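What follows is one structure encoded as structure tokens, with my remarks underneath.
None of these values were measured; they are calculated from a predicted model. Side-chain atoms are counted along with the backbone in the values below, which use heavy atoms only and exclude waters and symmetry mates. Note that the numbering runs from 1 along the sequence shown for the chain.
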Amino acid sequence: MTTTAANPTLANLTLAEAALAHFGLAQRSRLRTPALVFAGSLVIAASAQIAVPMWPVPATMQTFGVLLVAALLGPKLGLAAAILYLIEGAMGFPVFAHLSGGAHKFLGTTGGYLLAFPVAALLVGYLAQLGFTRTFARTALVMFVGTLLILSMGALWLSLFFPGENAFVTGFAIFLPGCALKTLLAAAILPKAWRLLGKR
């Protein structure tokens, strides 16, 4: 039995909204939406600090953070959280990998990945809102599509700095094994959360 069938009231909610409703916190307030967006940006910032030094782009949990936040908050708030995160970084707050920040990051080798975050958040959030994160297989597919979008935009930008083949290897292919693990992690977490909420 699916979560939606078990609890029809969860059908049109994001996971974050369903969790709030589950704990009796569904009442809307003026502070709830900005609080969720800000919390989402903090999750992305924290995930960016889980990094493995690589050249020319470090391997981080940043993409996982972006896609997870989008899947939790839905398209509008997920997009807002990703944009707020980028604004924080552009303003110099140490929210990028290795506690770095600054607008110059958008012009460097990581610029394409950063600019891809809002696009991927909007896509993944929309698919999550349609119910695509309620089974393992669909969640894995959604997260993988979001990851491919980020890697593709990142590698395309990277090709401005390096020849095409090198950009593909160092900016796309090398990240695929790690991204596969992050995809499986999300696919294990999100459907389980929906099942727990649906048992209320």
Are V119 and I44 connected in the hydrophobic side-chain network, where two residues link if heavy atoms are under 4.5 Å apart? yes
Quick check on the hydrophobic clustering: are L156 and L151 connected, directly or via other members, by side-chain heavy-atom contacts under 4.5 Å? no
L114 vs K105 side-chain heavy atoms within contact, under 4.5 Å: yes
At their closest point, which heavy atom of A121 faces which heavy atom of V66, and how far apart are they? CB-CG1, 4.2 Å
Taking the side chain as every heavy atom from C-beta outward, state whether V142 and L123 have any atom pair closer than 4.5 Å. no
hydrophobic_cluster_shared for V145 and L148, side chain cutoff 4.5 Å: yes
CZ/F144: more than 12 non-hydrogen atoms of other groups inside 6.0 Å: no
Just verifying a value: how many Å separate T139 OG1 and L67 CG, rounded to the nearest 0.5 Å? 12.0 Å
Nearest non-hydrogen partners of A81 and L73, listed with the distance: CB-CD1, 4.4 Å
Heavy-atom nearest pair, V69 first then G40, reads CG2-O, 3.6 Å
Separation between CG of L176 and CG of L181, rounded to the nearest 0.5 Å: 11.0 Å
Is there a side-chain contact between P75 and L122 in this structure, where contact means two heavy atoms from C-beta onward sitting under 4.5 Å apart? yes
If you define the side chain from C-beta out and look only at heavy atoms, does anything of V52 sit under 4.5 Å from P58? no
Can you hop from I50 to F64 via hydrophobic side chains spaced under 4.5 Å? yes
Rounded to the nearest 0.5 angstrom, the CD-CD distance for Q62 and Q49 is 8.0 Å
Output the distance between atom OG (S152) and atom OH (Y113), rounded to the nearest 0.5 Å. 9.5 Å
Is there a chain of hydrophobic side chains (I, L, V, M, F, W, Y, each step under 4.5 Å between heavy atoms) that links L127 to L149? yes
What verdict does the side chain to side chain contact (heavy atoms under 4.5 Å, CB included) test give for L68 and L190, after you've listed the backbone C-alpha separation in whole Å, the side-chain angles of each residue and the deciding distance to 0.1 Å? CA-CA 9 Å; L68 181 65; L190 294 173; 3.8 Å; yes
Interatomic spacing from OG1 in T183 to CG in L141 - rounded to 0.5 Å: 10.0 Å
Surrounding CZ of F93 (heavy atoms of other residues, nucleotides or ligands, distance under 6.0 Å), is the total greater than 12? no
Aromatic rings Y85 and F117: how do their planes relate, parallel, tilted or perpendicular, breaks at 30° and 60°? tilted
Can you tell me how far apart CD1 (I189) and CE (M143) are? Round to the nearest 0.5 Å. 8.5 Å
Side chain proximity check, L86 to P118, heavy atoms < 4.5 angstrom: yes
Using the side-chain hydrogen bond (donor to acceptor under 3.5 Å, both in side chains) criterion, which residues pair with S41? Sequence neighbours excluded. E88
Any idea which heavy atoms bring A155 and A167 closest together, and the distance? O-CB, 3.8 Å
Do you know which two heavy atoms are closest between I150 and A116, and how far apart they sit? CA-CB, 3.8 Å
Can you confirm whether more than 12 heavy atoms, excluding those of F136, are under 6.0 Å from its CZ atom? yes
When the ring planes of F168 and F172 are compared, do they come out parallel, tilted or perpendicular, using 30° and 60° as the limits? parallel
Is it true that, when you exclude F106 itself, more than 12 heavy atoms of the residues, nucleotides or ligands shown sit nearer than 6.0 Å to its CZ? yes
State, without any angle test, whether K182 and T63 hold a side-chain donor-acceptor pair at a distance under 3.5 Å. yes
